[in-house]
Amino acid sequence: MFVKQLTMPGWLVSFLSFVPITIMTALCCQSLFIAHTGQLATLNVANCLAAIPATIARVLTKSLLMVVVIGIMAMALLRYWQIG
């Protein structure tokens, strides 16, 4: 509410435009890897397999809703067939 009344410089607006991309990347990377204390992280196979059709849906449709729906369906099928 306070920021809406201020005029921000162009460089700050440009910098802040990368925040959503950064947050989504951090969330995706966090779900694709499993952290082990004192060891290197390993891949979460099920999440990586579900990310493939979700990424394809993103490229083809450019719709966040379709990415979420396809990702959930892919994960549901992987869990149903106990893959990963």
Side-chain angles (χ1 to χ4, degrees):
M1 195 172 190
F2 176 71
V3 176
K4 286 185 179 182
Q5 296 175 0
L6 294 177
T7 303
M8 293 188 289
W11 63 268
L12 183 60
V13 174
S14 176
F15 175 76
L16 292 176
S17 70
F18 292 104
V19 171
I21 296 168
T22 307
I23 292 172
M24 289 302 295
T25 302
L27 291 173
C28 289
C29 289
Q30 180 183 5
S31 68
L32 295 179
F33 296 99
I34 301 170
H36 302 286
T37 306
Q39 298 177 1
L40 293 175
T42 57
L43 282 177
N44 186 334
V45 176
N47 287 359
C48 288
L49 290 174
I52 294 169
T55 304
I56 293 171
R58 172 64 181 131
V59 170
L60 295 177
T61 66
K62 295 181 177 50
S63 166
L64 181 60
L65 178 63
M66 288 305 296
V67 172
V68 171
V69 169
I70 298 294
I72 290 172
M73 289 173 48
M75 185 55 87
L77 290 173
L78 288 169
R79 288 185 179 176
Y80 179 75
W81 288 317
Q82 298 177 352
I83 297 173

*Determine, step by step, whether Met75 and Leu49 satisfy the side chain to side chain contact (heavy atoms under 4.5 Å, CB included) criterion, reporting the C-alpha distance in whole Å, the side-chain angles of both residues, the deciding distance to 0.1 Å, and the verdict.*
CA-CA 8 Å; Met75 185 55 87; Leu49 290 174; over 6 Å; no

*For Gly10, does its backbone N or O pair with a side-chain atom of Ser14 as donor and acceptor, under 3.5 Å?*
no

_Taking every non-hydrogen atom, the tightest pair across Gly71 and Ala54_ = CA-CB, 4.1 Å

*How many angstroms lie between CD in Gln30 and CG in Asn47, if you round to the nearest 0.5 Å?*
10.5 Å

_Shortest non-hydrogen contact from Ala57 toward Val67_ = C-CG2, 4.3 Å

*Determine, using the 4.5 Å side-chain heavy-atom cutoff (strictly less than), whether Val19 and Ile21 are members of one ILVMFWY cluster.*
no

*Rounded to the nearest 0.5 Å, what separation is found between the CZ atom of Arg79 and the CG atom of Leu77?*
12.0 Å

*asked:* Tell me the closest heavy-atom pair linking Cys28 and Ser31, and the distance in Å.
replied: O-OG, 3.0 Å

*asked:* I'd like to know if Ile83 and Val45 are part of one continuous hydrophobic network [Ile/Leu/Val/Met/Phe/Trp/Tyr, side-chain heavy atoms within less than 4.5 Å].
replied: yes

*Taking all non-hydrogen atoms of both residues, which atom of Met8 and which atom of Leu12 are closest, and how far apart?*
SD-CD2, 3.8 Å

_Are Val68 and Leu60 connected into the same hydrophobic cluster when the rule is that any two of I, L, V, M, F, W, Y join if their side-chain heavy atoms are below 4.5 Å apart?_
no

*Does atom CG of Leu40 have more than 12 heavy-atom neighbours from other groups under 6.0 Å away?*
no

*Kindly indicate, with the supporting measurements, whether the criterion side chain to side chain contact (heavy atoms under 4.5 Å, CB included) is fulfilled by Phe33 and Thr42.*
CA-CA 6 Å; Phe33 296 99; Thr42 57; over 6 Å; no

*Would you kindly confirm whether Leu16 and Val13 end up in one hydrophobic cluster when ILVMFWY residues are joined by side chain heavy atoms under 4.5 Å apart?*
yes

